[in-house]
Each structure stands twice: as structure tokens, then as C-alpha cells.
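In this text, all values refer to a predicted model and were calculated from it rather than measured experimentally. Along the sequence shown, residues carry numbers from 1.
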Amino acid sequence: PLFRSQCPLSKESVVELVEFLKGVSAEKALGEDGTLDPVYLCLLVGLLYCLNAEPLREMDAEEEAEFYESLTVFDYVNELNGKIVDGEWEWEELGDVVKLAWSLVICVGKKQEALADDDLIDEEQVFGQAVTGGALSFLRKTVVGASGFFDEEYYVRKVHGLVTGLLVNMPLKIKQLREIGRA
């Protein structure tokens, strides 16, 4: 590929990026307007790209195995799950957005049988942690509200893909959120 965005980062680089983002504080990453600084916005969207579950629905089994080879490596999935779900995030809301994307990867991976059902923590539990932590509000205010967000089609597509993926793959969880919002 001509550009790095055309293929995911290596397993090691994804783990390093998660570790780096876990240590980012709101004070360091927020711009003057209260939204994500462009550098941290780029890093977050890059990680969202690496945690992208979309291709799993559009590929045949051979392409899927090649593209998502890392999902079939239990040690890697277990390590990544531990890095994302366990431990403290310096900026909890940033971690909640990553957990939201990870819950979608787990959900789609299990539906496509790229992941065994008992390999990971339940995706609904990860989803619940992310939503109760404020991931959706963070996405709306801090990510989508960032200056320059709509100037980058890539950013818009990644966040749109995440939200659409949640609607398509976790409709019952979304329905529960709507019911909670009405109460």
C-alpha cells in the first residue's frame, strides 16, 4: 500500500498505541476550545482504524483470515483486551471510546467466528463500561466537535463507521440506551 492507512498497524504498534493513549491526560490532549488537539485526534482515529470491524462483514473467509490474522491469535487478542479493558486510563473518556470500538470488534468477530465465544470478556460488558463512562458524549463533544474534524473525510468515515457498526451489530444494546434516555 502507498499509505499506512490502507492497512492496519502491526500487532506490536497497536499495543504501543493503546499504551500511549492510556497515558494521555485531558490536560495534555485538549485544545483551547475543549476538544481534542489535532495530533491526539489523529492518533485516536488511527487506533479506531486498527480496531475496525467493518471488513469482517465484506470479506470471504480467506480474505478475512489474512486481514484479521491477529484476531485468531489468542495471545494477541487476550493481550489487547487486557490493555484496553483492564487497568486505568489517565483520561477515562478517551479509554471509553476505545472500549466502545473494541466491543464492536469482539461482537463482529464472534458473529463471523473469527473469535471463539469464550476467548474474551463479554462484548456487552465492555460496551456497558464504555457507554456508562460517557463514550458517546465524548465522541460528540470532544471528537466530532474538534476543529478540523469535518475537514478530514477519513475522520468522518471512521466515526460514522463506528456508530453505524454499533447500530447494525448491537441493536438490542442501542434499544436499551434509547429506553434509558426516555426514563
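- Expressed to the nearest 0.5 Å, how far CZ of Phe138 lies from OG1 of Thr35 amounts to 9.5 Å.
- Between Glu90 atom CD and Glu27 atom CD the span is 7.5 Å, to the nearest 0.5 Å.
- In plain terms, the two heavy atoms of Phe149 and Val143 that are nearest each other are CD1-O, 3.5 Å.
- Contact record, Met170 with Phe127: SD-CD1, 3.8 Å, taken as the closest heavy-atom pair.
- To the nearest 0.5 angstrom, Asn81 atom CG is 6.0 Å from Trp102 atom CH2.
- More than 12 heavy-atom neighbours from other residues, nucleotides or ligands sit within 6.0 angstrom of CD on Glu93.
- Looking at Lys173, its side chain never comes within 3.5 Å of a backbone N or O of Glu124 through a donor-acceptor pair.
- Side-chain atoms of Leu43 and Val24, non-hydrogen and from C-beta on, never get closer than 4.5 Å to each other.
- Leu36 and Leu30 get closest at one heavy-atom pair: N-CD2, 4.2 Å.
- Closest heavy-atom contact between Phe150 and Val156: CD2-CG2, 3.8 Å.
- Atom CG of Leu47 sits about 4.5 Å away from atom CG of Leu17, to the nearest 0.5 Å.
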Check against side chain to side chain contact (heavy atoms under 4.5 Å, CB included), Leu177 and Leu136: CA-CA 11 Å; Leu177 287 175; Leu136 296 171; 4.0 Å; yes
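- Of all the heavy atoms in Asp96 and Gln129, the pair that sits closest is OD1-O, 3.8 Å.
- Aromatic pair Trp91/Tyr40: ring centres not closer than 6.0 Å.
- The closest side-chain heavy-atom distance from Leu44 to Tyr155 is not below 4.5 Å.
- Here OG of Ser103 is found 8.0 Å from CG of Leu162. Values are rounded to the nearest 0.5 Å.
- The heavy-atom pair separating Cys107 from Asn169 by the smallest distance is SG-O, 3.5 Å.
- One distance of note links CG of Leu41 with OG1 of Thr142; it measures 10.5 Å at 0.5 Å rounding.
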